[in-house]
Peer 1: 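Sharing a structure, written as structure tokens. Questions coming.
Note that the structure is predicted; figures quoted are calculated from it, not measured.
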Amino acid sequence: MDVPGPGTPAELRSTVAREAAVVVLLTVLVAIASVLADLPGRIADWSRSAVGPLDDAVLLLAASHLFMMVFGSRRARDLKAQHARRAQAEQELRERARTDPLTGLLNRAGLAEELRAAVDDAAAGGPPLAVVMLDLDRFKEVNDTLGHAVGDTLLRAVAERLTAELRRGDVLARLGGDEFVVLLRDADPDAVRRTTDRLLAALRLPFDVDGIVLEVDGSLGVATAGTDPAELLRAADVAMYAAKADRSGVVVHSAGLDRHDPAQLSLFGDLRRGIRDGELRVHYQPKAALADGRVRGVEALVRWEHPQRGLLPPSEFIGLAEATGLIRTLTDVVLTQALEDCRRWRAEGVALTVAVNLSARVLLDTGLPDRIAARLADAGLPADCLELEVTESAAMQDPGQALDVLQRLRGLGVTLSVDDYGTGHASLSYLSRLPVSTLKIDRSFVSTMELDGTDQVIVRSTIELAHALGLRVVAEGVETRATWERLVALGCDEAQGFWLGRPGPAEGVLARVAAIDSLTSGDAVLPAGA
Ligand code: C2E
Ligand code: MG
Ligand code: MG
């Protein structure tokens with residue numbers, strides 16, 4: 001920050017020297033004037049003094065004193081003003097370092113100071129405090145679909161609304177993204193409950209951002225016991241995670257919560273950050289038509305490139321993403337990437353369809369069909385490029401709402417498949433009443449059908465029954481040529497499995513598709529790495 005006036009001691013010294021020179025010069029001028037114009041005599045006359053004319057030396061001394069006083073007091077005034085400006089600039093800098101520029105709330109550093117002070121105060125017998133960690137749901141969707149400007153406006157509106165619900169002395173901070181922390185002073189359990197209920201209710205009212213009505217929700221975790229600021233924040237974070245996991249809105253931290261697997265808890269934070277930082281990777285596994293051995297499509301299978309733990313398979317994090325609501329963002333990332341890769345392959349002259357897996361929870365999201373339509377339009381792809389796989393149990397849950405979403409997806413022209421068939425309890429006749437066109441037989445039956453007669457009977461009867469109900473059949477888990485050939489004989493429609501190729505990155509897909517076409521035509525050897 002710029003503070004006008006001499007800044008450094010050297011500058012100050014030269015200013016004072018300049019002013020001293022002016023004082024000397026003025027004194028010399030007075031001396032000359034007193035010789036030329038007999039100033040002492042005139043002054044004595046003016047003052048009608050009884051004493052004789054002033055002594056020249058006394059006059060000069062008085063004049064130089066006068067000049068020095070005038071300049072000195074001006075300099076003192078300047079220095080005082082400059083000091084005040086500098087103190088104000090320092091104060092502004094300090095404030096800036098503690099403030100979130102977007103919302104004007106405290107930032108992490110500011111919160112840390114306030115929290116430290118409140119903890120010390122409570123320890124010295126002051127009022128008890130509570131820390132509330134608050135994370136918005138659906139914020140990323142707003143940011144991604146409507147842009148950062150709308151996202152920023154929404155965050156400011158959220159900050160304003162939360163502030164309005166707080167009492168004097170309570171502190172609101174934004175840690176970054178859509179994470180807020182409230183520090184409640186003088187917090188007995190009832191007061192905390194009332195405040196968190198008010199905060200949640202305030203969040204749930206629709207926001208009008210530039211004429212767009214947005215609905216968000218939040219999960220709040222509360223921590224009350226603790227003498228260490230970092231420990232309080234961690235406890236509130238754990239409680240917030242629990243609130244997200246069971247979608248209960250507010251959870252107060254208790255010792256029992258810490259029995260949640262700590263590795264899972266830290267993985268939750270990691271996954272949220274990993275998704276945001278682009279650590280998800282989409283691999284593709286080919287599916288070939290059994291009639292002619294040609295690859296018509298690929299299945300998108302997500303992986304997470306964890307900075308410390310390496311490439312993680314979906315079994316390590318899909319369950320966590322489902323439990324915490326991160327699955328919606330994850331699905332969106334996979335879908336967007338899969339459609340982009342599909343568009344690229346088409347541009348290179350290979351028309352493949354791409355299949356994306358949908359979790360049960362995503363199927364309850366009534367906004368899903370519109371988002372998928374928008375993603376297809378963004379990629380400039382027809383709807384029949386996309387296949388959506390839902391597990392048997394997902395298709396069975398809450399039939400009303402899931403069915404409505406499935407019907408709207410089918411209405412878009414997207415192909416729907418039932419994944420992992422045989423692992424749930426759905427009857428084929430029930431599934432055939434859903435708007436699905438394909439059945440994927442679970443790999444646990446297919447991969448062992450050459451060894452296990454029962455599995456072979458299950459596969460055969462499933463194919464026959466599904467065909468009778470008008471469904472196409474895909475066999476997962478084809479690991480050998482013998483299985484492939486058996487499935488050809490059984491009249492199965494498509495196959496997917498390690499024998500054709502393991503899931504791999506998008507870059508290798510076209511080369512592998514070409515290799516599989518020659519593999520299934522009879523005489524070729526397995527492609528390298530498959
Ligand atoms: P899925 O949809 O049934 O995918 C097929 C899984 O079987 C993949 O496991 C694949 O690598 C594996 N597989 C393929 N061929 C063979 C074979 O011949 N033998 C054996 N033993 N296994 C085979 P992966 O990639 O570990 O995925 C596991 C599951 O994770 C998927 O099962 C799917 O339910 C879920 N998943 C993967 N990506 C996503 C995603 O983006 N969203 C959601 N919601 N779930 C996903
Ligand atoms: Mg699948
Ligand atoms: Mg499957």
Peer 1: Indicate whether any N or O donor in one side chain lies under 3.5 Å from an N or O acceptor in the other, for E479 and S447.
Peer 2: no

Peer 1: Are the side chains of L330 and I318 in contact, using a 4.5 Å heavy-atom criterion?
Peer 2: yes

Peer 1: Would you find more than 12 non-hydrogen atoms of other residues, nucleotides or ligands less than 6.0 Å from E95 atom CD?
Peer 2: yes

Peer 1: Is any NZ, NE, NH1 or NH2 atom of the basic residue among E494 and K440 found under 4.0 Å from an Asp or Glu carboxylate oxygen of the other?
Peer 2: no

Peer 1: Quick one: do T336 and D378 satisfy side-chain contact (heavy atoms from CB on, under 4.5 Å)? Show the steps, please.
Peer 2: CA-CA 9 Å; T336 307; D378 288 347; over 6 Å; no

Peer 1: Do you know the tightest heavy-atom contact between G151 and F139?
Peer 2: O-CE1, 3.5 Å

Peer 1: Determine, stepwise, if the pair L233 / L115 fulfils side-chain contact (heavy atoms from CB on, under 4.5 Å).
Peer 2: CA-CA 9 Å; L233 279 174; L115 193 52; 3.9 Å; yes

Peer 1: Within this structure, what is the CD-CD distance for the pair E299 and E476, rounded to the nearest 0.5 Å?
Peer 2: 6.5 Å

Peer 1: Between K244 and D135, is a salt bridge (charged side-chain N to carboxylate O under 4.0 Å, His left out) present by the stated rule, with each step listed?
Peer 2: CA-CA 9 Å; K244 259 198 194 303; D135 191 89; 3.1 Å; yes

Peer 1: List the atom of D384, the atom of T353, and the distance in Å for their closest heavy-atom pair.
Peer 2: O-CG2, 3.8 Å

Peer 1: Counting C-beta onward and ignoring hydrogens, is there a side-chain heavy-atom pair between D420 and E392 closer than 4.5 Å?
Peer 2: no

Peer 1: Provide the closest heavy-atom pair for P314 versus V302 in the form atom of the first, atom of the second, distance.
Peer 2: CD-O, 3.3 Å

Peer 1: Has the side chain of R281 got a donor or acceptor atom that lies under 3.5 Å from a matching backbone atom of G278?
Peer 2: yes

Peer 1: Do V418 and T438 come within less than 4.5 Å of each other through their side chains, counting heavy atoms only?
Peer 2: no

Peer 1: Compare all side-chain heavy atoms of L386 with those of L381 and state whether any distance is below 4.5 angstrom.
Peer 2: no

Peer 1: Quick one: closest heavy-atom pair of V282 and V334, and the distance?
Peer 2: CG2-CA, 4.1 Å

Peer 1: Between D332 and R375 (salt bridge meaning N to carboxylate O under 4.0 Å), is one present in this structure?
Peer 2: yes

Peer 1: Apply salt bridge (charged side-chain N to carboxylate O under 4.0 Å, His left out) to the pair R156 and D152, showing each step before the final yes or no.
Peer 2: CA-CA 6 Å; R156 277 193 290 264; D152 286 356; 5.4 Å; no

Peer 1: What do the steps show when you test L388 against I372 for side-chain contact (heavy atoms from CB on, under 4.5 Å), and what is the final call?
Peer 2: CA-CA 10 Å; L388 297 171; I372 289 190; 3.7 Å; yes

Peer 1: Check K287 with E387, please: is the shortest side-chain N to carboxylate O separation under 4.0 Å?
Peer 2: yes

Peer 1: Do the non-hydrogen side-chain atoms of V405 and L364 ever get within less than 4.5 Å of each other?
Peer 2: no

Peer 1: Classify the side-chain pair R410/Q407 by whether it contains a donor and acceptor separated by less than 3.5 Å.
Peer 2: no

Peer 1: Write down the atom of A109, the atom of A97, and the distance for their closest heavy-atom approach.
Peer 2: CB-O, 4.0 Å

Peer 1: Do NZ/NE/NH1/NH2 and the carboxylate oxygens of D190 and R193 come within less than 4.0 Å?
Peer 2: no

Peer 1: Using the side chain to side chain donor-acceptor pair (under 3.5 Å) criterion, which residues pair with D228? Sequence neighbours excluded.
Peer 2: none

Peer 1: Go through the structure and list residues passing side chain to side chain donor-acceptor pair (under 3.5 Å) with R161, not counting sequence neighbours.
Peer 2: none

Peer 1: One thing to verify: whether R343 and E348 come together as a salt bridge, which I'm taking to mean a side-chain N less than 4.0 angstrom from a carboxylate O.
Peer 2: no

Peer 1: Answer yes or no: is there an ion pair linking R272 with E179, defined by an N-O contact shorter than 4.0 Å?
Peer 2: yes

Peer 1: Rounded to the nearest 0.5 Å, what's the gap from NE2 on H253 to CZ on R234? Could you check?
Peer 2: 5.5 Å

Peer 1: First locate atom CG of L175, then atom CG of N107, and finally report the distance between them rounded to the nearest 0.5 Å.
Peer 2: 9.0 Å

Peer 1: Is the backbone N or O of R167 less than 3.5 Å from a side-chain atom of D170, with the two atoms forming a donor-acceptor pair by type?
Peer 2: yes

Peer 1: For L105, is there any backbone N or O sitting under 3.5 Å from a side-chain donor or acceptor partner on T103?
Peer 2: yes

Peer 1: Who passes ring-ring contact (aromatic ring centres under 6.0 Å, His included) against Y284, sequence neighbours left out?
Peer 2: W345

Peer 1: If I take atom CZ from residue F180 and atom CG from residue D100, how far apart are they, to the nearest 0.5 angstrom?
Peer 2: 8.0 Å

Peer 1: Would R174 and R108 count as a side-chain contact (heavy atoms from CB on, under 4.5 Å) if you check the C-alpha gap in whole Å, the side-chain angles of each, and the deciding distance to 0.1 Å?
Peer 2: CA-CA 7 Å; R174 175 171 166 257; R108 195 178 282 276; over 6 Å; no

Peer 1: With sequence neighbours left out, write down each residue that passes side chain to side chain donor-acceptor pair (under 3.5 Å) with R408, or none if nothing qualifies.
Peer 2: none

Peer 1: Taking the side chain as every heavy atom from C-beta outward, state whether L155 and L102 have any atom pair closer than 4.5 Å.
Peer 2: yes

Peer 1: Would you say the side chain of F317 lies within less than 4.5 Å of the side chain of H306, judging by non-hydrogen atoms?
Peer 2: no

Peer 1: Run the side-chain donor-acceptor check on residues 199-211: report pairs under 3.5 Å with partners two or more places apart or on a different chain.
Peer 2:
residue, atom, partner, partner atom, Å
R204, NE, D217, OD1, 2.9
D208, OD1, G211, N, 3.0

Peer 1: Rounded to the nearest 0.5 Å, how far apart are CG of L166 and CZ of R185?
Peer 2: 11.5 Å

Peer 1: Is there a side-chain contact between P286 and R502 in this structure, where contact means two heavy atoms from C-beta onward sitting under 4.5 Å apart?
Peer 2: no

Peer 1: Going by the rule side chain to side chain donor-acceptor pair (under 3.5 Å), which residues pair with D237 if we only count those two or more places apart in sequence or in a different chain?
Peer 2: none

Peer 1: Run the salt-bridge test on D341 and R344 with the 4.0 Å N-O cut-off and return the result as yes or no.
Peer 2: yes

Peer 1: With rounding to the nearest 0.5 angstrom, report the CD1 to OG distance, I458 to S444.
Peer 2: 8.5 Å

Peer 1: Under 4.0 Å between a Lys/Arg side-chain N and an Asp/Glu carboxylate O for D137 and R328?
Peer 2: no

Peer 1: Do S359 and E322 pair up side chain to side chain, a donor and an acceptor below 3.5 Å, judged on atom types alone?
Peer 2: yes

Peer 1: Taking all heavy atoms of R512 and all of G501, pick out the closest pair and write down the distance.
Peer 2: NH2-C, 3.9 Å

